[in-house]
Novice: 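Have a look at this one.
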Amino acid sequence: MSVVPPSNYYKYSSYDNAKSLSSKVEIKISCVDLPNFDTFSKSDPKVFIFLEKKYYDNNTSTSVWEKIDSTERIKNNDNPEFVKAFYIDYYFEMIQNLRFLVFDMDSDSDEWSKNDYIGYCERALGDLISSSENNVCTCDLLYTVPEGIKLDNSKTRVSPKKPKIKITIREVIDSQYVFEMDISGKNLDKKDTFGKSDPFIIISRIEDNGTYNKVFETPVIKNTLNPKWKGIKIPEVTLNNGEPDRMLLWEVYDWDRNSDNDLIGVFMASSRMIFESGAQFEVINDKKKAKKGKKYTNSGVITFDKINRIKNYSFMDFPMGGTEIAVSFSVDFTSSNGNKNDPSSLHYNSPNYDPNNFFTLNEYQKAISSIGYVLEPYDSTKTMEVYGYGGEFFNRKYVEFECPLTGDPDNPSVYGVAGILTAYYNTLQTVVLYGPTNFSPIIKNITAQARNGLPPPYQNNPLPRYHILTIITDGIISDMSKTKEAIIDASDAPLSIIIIGVGRANFDQMNELDGDGEVLRSQNKYSKRDIVQFVPLANYINNPTLLAAETLSEIPKQVTEFATTYKYRPPYL
């Protein structure tokens with residue numbers, strides 16, 4: 001049995017540090033009396049959470065509701081208590097409006113058109129904090145469609161029960177640590193008439209006011225009295241809010257498909273006790289104990305076979321800890337951009353072109369400068385690769401799809417954003433715009449680079465570099481199926497792909513590649529993680545700061561998700 005606490009486990013100095021300018025709060029959600037949409041069963045609810053962002057331009061403000069996360073889907077339950085918690089930085093001096101949309105999920109897809117809209121609630125974070133009672137704020141669910149969101153509410157039902165959403169909110173101490181556990185049960189009580197038991201565990205945190213806050217539920221292990229739960233991961237802030245002596249309730253149940261779950265028994269243990277007590281606990285059923293008296297021993301034993309408290313690295317830990325952010329650009333030189341010498345062309349260079357003046361740049365140059373200047377500081381060498389596709393380059397009479405704009409196949413790198421803009425400008429002097437628009441060659445090229453020299457996964461190896469490929473395009477992809485396959489193949493590599501659409505073409509295909517709505521798939525293969533972010537330049541054409549913010553918003557999450565999934569760490573940490 002491997003239950004060895006790290007040397008720093010008992011030294012929680014972070015809680016003595018002075019508070020930062022923001023506080024972190026934990027939000028958990030439950031619903032009451034949701035209407036039934038299904039004929040023969042209850043609803044399968046899921047909640048999507050949005051944060052309002054306001055942008056100001058020319059004395060006008062624009063609200064954009066950004067999805068920040070969603071709960072798990074709970075099947076056949078009109079009064080769901082969602083386990084997943086959300087963590088938000090709270091700023092006293094800011095208005096932070098939150099929106100909670102509740103759906104009955106009829107499919108595994110998060111696409112709203114495939115599911116039934118139940119209702120929504122909208123509250124400011126400060127309002128939730130000030131109006132809560134015992135850390136809980138109860139709000140009515142509204143049936144109408146909230147402003148700024150397109151969805152179909154034709155099936156929405158007005159319920160006489162007046163459905164509500166309960167939002168539990170509490171301040172938390174930020175922690176980068178995660179508990180990883182292997183848990184086993186031995187000789188649990190038999191609960192099923194024609195079988196053994198189908199055990200699972202519910203973990204609840206006991207709050208200061210004596211209430212129980214459900215924080216985790218293990219999978220069900222079918223038909224066994226000796227279950228094993230491997231690879232359980234729980235963030236420290238979720239489990240104990242960074243307090244090793246906070247008591248936890250561990251309830252062991254037998255799962256039943258058609259009736260309420262049967263309680264096998266419970267035990268109480270803090271995270272410190274799990275490390276210190278030998279990590280073995282008797283499961284006690286008080287009703288059975290009262291009935292059997294002295295003959296009762298226990299209803300089984302739960303053993304913690306392995307426990308580790310592991311640091312979950314933040315995005316900044318990687319570039320600061322030695323991970324190189326390798327940046328590449330790929331530019332569309334297909335004929336659909338228009339004659340490069342025509343002022344209507346997306347490649348047209350204005351007579352007053354000044355690389356230092358954003359408003360004199362064409363759309364490709366705007367995209368390059370907006371994204372490049374943000375990414376440049378993260379690349380320790382300041383060298384970035386720049387390619388072209390879909391044209392005939394350097395007087396060669398054939399079309400290329402991963403042509404280095406330096407003119408040197410062995411050295412596609414230039415120094416900084418200025419070097420990219422220069423290489424692009426020089427290429428325009430001789431390139432013949434052609435076609436088609438093929439993405440897969442450059443994606444395969446950068447994926448191969450990302451895998452080159454990468455240490456094996458799952459061994460806590462250092463992550464030497466993480467690649468970001470920005471593809472700028474004006475239109476429809478010609479090799480869509482191959483592009484999907486290339487992205488799916490790249491989804492387990494240290495790579496993020498940004499696609500920027502210039503001009504006014506139909507970009508529906510790009511939204512399909514962006515995996516925010518559902519997992520990208522091709523035939524029987526699925527993307528292991530979302531690595532694509534698509535942004536239409538037209539929405540941010542005159543605001544480079546906003547363009548960069550929208551385009552790069554998912555990069556930190558994608559870096560940390562890759563490192564966490566495949567167990568990589570910063571080289572120097």
Side-chain angles (χ1 to χ4, degrees), residues 9-10 12 14-17 19 22-32 47 49 69 71-72 74 77 79-90 92 98 100 121 123 125-139 164-179 181 183 200-218 232-253 261 263 265-277 281 283-284 286 302 304 307 309:
Y9 181 74
Y10 308 112
Y12 280 77
S14 60
Y15 314 118
D16 300 323
N17 293 341
K19 288 184 178 291
S22 67
S23 300
K24 188 173 289 292
V25 296
E26 176 193 74
I27 291 178
K28 297 198 69 177
I29 299 170
S30 61
C31 297
V32 180
V47 181
I49 298 92
D69 218 325
T71 67
E72 74 274 20
I74 295 183
N77 195 325
N79 297 280
E81 183 180 349
F82 298 98
V83 172
K84 187 173 180 180
F86 310 95
Y87 300 94
I88 299 176
D89 290 326
Y90 166 62
F92 174 78
L98 296 172
F100 304 85
C121 163
R123 299 291 289 269
L125 182 56
D127 189 25
L128 291 176
I129 292 171
S130 62
S131 62
S132 64
E133 296 183 10
N134 292 323
N135 298 104
V136 179
C137 186
T138 303
C139 310
K164 299 182 183 297
I165 184 169
K166 290 188 174 182
I167 303 164
T168 301
I169 187 166
R170 67 195 301 272
E171 185 178 11
V172 298
I173 303 300
D174 198 7
S175 171
Q176 288 183 269
Y177 287 91
V178 173
F179 284 99
M181 314 176 192
I183 306 173
F200 69 98
I201 300 174
I202 292 177
I203 309 171
S204 297
R205 188 176 62 212
I206 303 176
E207 307 295 3
D208 293 336
N209 59 8
T211 59
Y212 293 86
N213 188 351
K214 180 179 176 181
V215 297
F216 191 80
E217 182 175 312
T218 70
I232 298 297
K233 294 182 180 181
I234 311 175
E236 183 172 58
V237 293
T238 299
L239 185 67
N240 63 19
N241 193 28
E243 302 168 77
D245 294 313
R246 181 169 290 280
M247 198 57 68
L248 306 169
L249 173 66
W250 305 73
E251 300 172 283
V252 186
Y253 282 93
N261 301 317
L263 179 68
V266 306
F267 65 94
M268 305 276 283
S270 66
S271 51
R272 191 191 298 272
M273 291 168 62
I274 291 170
F275 277 97
E276 291 184 340
S277 69
F281 300 87
V283 177
I284 303 299
D286 285 336
I302 292 294
F304 291 82
I307 303 176
R309 180 174 175 261

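A quick note: this is a predicted structure, and the numbers were derived from the prediction, not measured.
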Novice: If you take all heavy atoms of K233 and F216, which pair is closest and at what distance?
Specialist: O-CE1, 3.8 Å

Novice: Test side-chain contact (heavy atoms from CB on, under 4.5 Å) on I88 and Y90 and set out the steps.
Specialist: CA-CA 6 Å; I88 299 176; Y90 166 62; 5.9 Å; no

Novice: For residues R246 and I206, report the shortest heavy-atom separation together with the two atoms involved.
Specialist: NH1-O, 2.7 Å

Novice: Might you point out which heavy atoms bring T71 and K84 nearest each other, and give the distance in Å?
Specialist: CA-CD, 4.3 Å

Novice: State the CE-CZ distance between M181 and R309, to the nearest 0.5 angstrom.
Specialist: 12.0 Å

Novice: Out of N209, D208, N213, which residue meets the side chain to side chain donor-acceptor pair (under 3.5 Å) rule with T211?
Specialist: N209

Novice: Walk me through it: do K166 and E81 pass the test salt bridge (charged side-chain N to carboxylate O under 4.0 Å, His left out)?
Specialist: CA-CA 9 Å; K166 290 188 174 182; E81 183 180 349; over 6 Å; no

Novice: Show the numbers, then the answer: is there a side-chain contact (heavy atoms from CB on, under 4.5 Å) between V266 and D286?
Specialist: CA-CA 9 Å; V266 306; D286 285 336; 5.5 Å; no

Novice: Measure the spacing between CG of D127 and SG of C137 and express it to the nearest 0.5 Å.
Specialist: 6.5 Å

Novice: Is there a donor-acceptor contact under 3.5 Å from the side chain of E26 to the main chain of E171?
Specialist: no

Novice: Specify the closest pair of heavy atoms between L128 and I167, including all atoms of both residues, with the distance to one decimal.
Specialist: CD2-CD1, 3.9 Å

Novice: With the side chain counted from C-beta on, respond yes when V32 and I165 share a heavy-atom pair under 4.5 Å apart, and no when they do not.
Specialist: no

Novice: Got K164 and C31 here, is their nearest side-chain heavy-atom distance under 4.5 Å?
Specialist: no

Novice: Shortest non-hydrogen contact from V252 to L263?
Specialist: O-CD1, 3.6 Å

Novice: Taking the side chain as everything from C-beta on, heavy atoms only, tell me whether I202 gets closer than 4.5 Å to Y253.
Specialist: yes

Novice: Report yes if the side chains of I203 and I234 come closer than 4.5 Å at any heavy-atom pair, otherwise no.
Specialist: yes

Novice: The criterion is ring-ring contact (aromatic ring centres under 6.0 Å, His included); which residues satisfy it with F86, sequence neighbours excluded?
Specialist: none

Novice: Quick check: does any side chain N or O of E72 sit under 3.5 Å from a backbone N or O of V83, one acting as donor and the other as acceptor?
Specialist: yes

Novice: Ignoring hydrogens and geometry, is there a side-chain-to-backbone donor-acceptor pair from T218 to I201 under 3.5 Å?
Specialist: yes

Novice: With no hydrogens and no angle check, just 3.5 Å: does a side-chain donor-acceptor pair link T168 and N135?
Specialist: no

Novice: Test of understanding: with salt bridge (Lys or Arg N to Asp or Glu O under 4.0 Å), list the residues that count as partners of E217, not counting sequence neighbours.
Specialist: K214

Novice: Please walk me through it: do S271 and N240 pass side chain to side chain donor-acceptor pair (under 3.5 Å)?
Specialist: CA-CA 7 Å; S271 51; N240 63 19; 2.7 Å; yes

Novice: Step by step, would you call V25 with Y87 a side-chain contact (heavy atoms from CB on, under 4.5 Å)?
Specialist: CA-CA 6 Å; V25 296; Y87 300 94; over 6 Å; no

Novice: What distance do M268 atom CE and S204 atom OG have between them, rounded to the nearest 0.5 Å?
Specialist: 10.0 Å

Novice: What heavy-atom pair brings F281 and M273 nearest, and what distance separates the two atoms?
Specialist: CZ-O, 4.0 Å

Novice: Any donor-acceptor pair under 3.5 Å linking the side chain of R205 with the backbone of V215?
Specialist: no

Novice: Testing Y212, F267, F200 one by one against W250 for a ring-ring contact (aromatic ring centres under 6.0 Å, His included), which residue passes?
Specialist: F267

Novice: What's the spacing between Y177 OH and L239 CG if we round to 0.5 Å?
Specialist: 15.5 Å

Novice: With rounding to the nearest 0.5 Å, note down the distance linking CG in N261 to CD in E251.
Specialist: 11.0 Å

Novice: Would you say that I29 contacts F100 through its side chain, given a criterion of any heavy-atom pair below 4.5 Å between the two side chains?
Specialist: yes

